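Right, one structure below, let's go through it.
Order of the sequence lines sets the chain letters (A, B, ...), proteins ahead of strands, with each chain counted from 1. Because the structure is a prediction, the values reported are computed rather than measured.
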Amino acid sequence: MARKAAGKPPEEILLDWKREQASLKARVVDRDTEAWQRDPAFSGLQRVGGVDVSFVKDDSGSACASLVVLSYPELEVLYEDCRMVTLTAPYVSGFLAFRELPFLVDAVQQLRQREPRLMPQVLFVDGNGVLHHRGFGVACHLGVLTDLPCIGVAKKLLQVDGLENNALHKEKIQLLKAGGDSFPLMGGSGTVLGRALRSHDHSTKPLYVSVGHKISLEAAVRLTHSCCKFRIPEPVRQADIRSRDYIRRTQEVQGVPAPPSGRSKEAQRPKACPQGVSEEPAENQNSEEQRPETRML
DNA sequence: GCGACAG
DNA sequence: ATCTTGTCGC
C-alpha cells in the first residue's frame, strides 16, 4: 500500500544532504538562551515536548510520527499528535533527519498555528545533536528548523570522531553510580560532544545526551535527568509509546490480527488531540503536498 | 573480506 | 527501527 524508502540514495543526493547539513549547522546555538535553563529548579519551565517516529513491521514506507507535550515538572501529557506518514528517504546513518524530520517539523508547525499556548519550551529528540559525523544530528536539525531549544538523546553511542564503545568506555560507565551521574564524551579534536548519563538509579545502560539547539550541554543533561521516571526521558518515552499504540490500533481497524500486546495501558488521553484513529483516512491528510526536502523559512 | 551501523 | 517470553525484583 505504501512502499518506498528502499535502497541507498545515490551519491549525488548524499552530497546534497551534506551541503544542507553544513549550511544549517552555522545556525546552531550551543548555549543557554532562556532564563529557565540557568535556574537551579528550572523555574519558568512549564512544558516539555518529545518527538518520535515508529514503524510498521512489514512496510518500510509506513510510519507514525508523534509529537507530545508534557507539563513540567509533573510530566503529565497535555497534548498528543500521532499521524501516519509515508517515508520517502531510507535510513542512512548520519542522515536520519532527512528520513524523519519533515513530518516532525510539520507537527510542530501545526501546533504553533492551532494551539500556540501548548508550544513546548524545549524538545527532546530521539537521536543525537552535535554528537554526529558532521556535528549536525537530527536534534540540531529540528532545533534550527523550528527555532526551539532541542536536546539530543541517543540510546546508543554513535562511534564518531574517535569515540568508541570500548573497554575504557565501559569502565567509565561502571563508575556511574547514581541517577544524574555522567561523564564527558570527548571527540578527537578535544571538544566535548556530549555526555553519557545514568538517567536514574536503577538504570545501568546510559543515555547519550548532546546539544541540539539553544541550550547548553550542562542544562541539557540536568533537564534530561529531571525528566526521567524511567531510563528514557518521559517526553520521548510517551511519544514512542503513543506512536506505536497508534500503529497497533490502525492495524486492528484494517483487519490485521492483534499481536500479543504486552502492555498498552500507558496511553491515557491528553487534554488536546488533533485527531483520532478512523478507518476513513482523514480527507485533508494529503491536502498539503509533502516536501521532498526539509525547509522552513 | 571485515567492521560499523543515531533510528 | 523491528523480530520476541519469560523472568527477576520491588
Taking side chain as C-beta onward, heavy atoms only, is [X] less than 4.5 Å from [Y]?
| X | Y | answer |
| --- | --- | --- |
| A:Q21 | A:H133 | no |
| A:Q159 | A:N165 | yes |
| A:C227 | A:L75 | yes |
| A:V108 | A:L145 | no |
| A:Q37 | A:S216 | no |
| A:R231 | A:K205 | yes |
| A:F124 | A:L223 | yes |
| A:Y79 | A:D81 | yes |

Can you check the [X] [atom1] to [N] [atom2] distance for me, whole Å?
| X | N | atom1 | atom2 | value |
| --- | --- | --- | --- | --- |
| A:N165 | B:dA6 | CG | P | 11 Å |
| A:Q251 | C:dT2 | CD | P | 12 Å |
| A:R244 | C:dT4 | CZ | C1' | 12 Å |
| A:L185 | B:dA6 | CG | P | 15 Å |
| A:D52 | B:dG7 | CG | P | 10 Å |
| A:Q159 | B:dG3 | CD | C1' | 10 Å |
| A:H133 | B:dG7 | NE2 | C1' | 12 Å |
| A:L142 | B:dG7 | CG | C1' | 14 Å |

Of all of residues 198-208 of chain A, which get a heavy atom below 4.0 angstrom from DNA chain B, listed by number?
none
Enumerate the residues from residues 121-128 of chain A whose closest heavy atom to DNA chain B is under 4.0 Å, giving them by residue number; use none for an empty result.
A:D126, A:G127, A:N128
Phosphate oxygens OP1/OP2 of B:dA4: is one of them under 4.0 Å from a side-chain N or O of A:K156?
no
A:K155 vs B:dG7: side-chain N/O to OP1/OP2 distance below 4.0 Å
yes
Under 3.5 Å donor-acceptor, A:Q251 side chain and A:R248 backbone
no
Side-chain (A:R112) to main-chain (A:T146) donor-acceptor, under 3.5 angstrom
yes
Across all chains, not counting sequence neighbours, the salt bridge (Lys or Arg N to Asp or Glu O under 4.0 Å) partners of A:K155 are A:D126
Identify whether A:L131 and A:I151 are in the same connected component of the hydrophobic contact network (ILVMFWY, side-chain heavy atoms under 4.5 Å).
no
Strand DNA chain C as a dot-bracket string - pairs counted if Watson-Crick or G-U with both distances under 3.5 Å, | where the partner lies in another strand:
..........
Six-ring centre of A:F95, A:R134 cation under 6.0 angstrom, axis tolerance 45°
yes
Please confirm whether A:R83 makes a cation-pi placement over A:Y246, using NZ or CZ under 6.0 Å from the six-membered ring centre and within 45° of the ring normal.
no
A:F55 side chain, from C-beta outward: closest of C:dT4, B:dA6, C:dA1
C:dA1
Using side-chain contact (heavy atoms from CB on, under 4.5 Å) as the criterion, point out the one residue from A:D147, A:L148, A:V130, A:L142 that pairs with A:H213.
A:D147
For nucleotides 6-9 of chain C, list the nitrogen or oxygen atoms of the protein found under 3.5 Å from its nitrogen or oxygen atoms, one pair per line.
none

Using a strict threshold of under 4.0 Å (side-chain N to carboxylate O), is an ion pair present between A:R242 and A:D245?
no
Interatomic distance at C1', B:dC5 relative to C:dT2, whole Å
15 Å
So what does A:V138 hit on the nucleic acid, given a heavy-atom distance under 4.0 Å: a base, only sugar-phosphate, or nothing?
base
Just checking A:G94: base, sugar-phosphate only, or nothing, at a heavy-atom cut-off of under 4.0 Å?
base
Taking Watson-Crick and G-U wobble contacts under 3.5 angstrom, with | marking pairs to another strand and [ ] crossing pairs, the secondary structure of DNA chain B is written .......
Does the ring center of A:H141 lie less than 6.0 Å from the ring center of A:F136?
yes
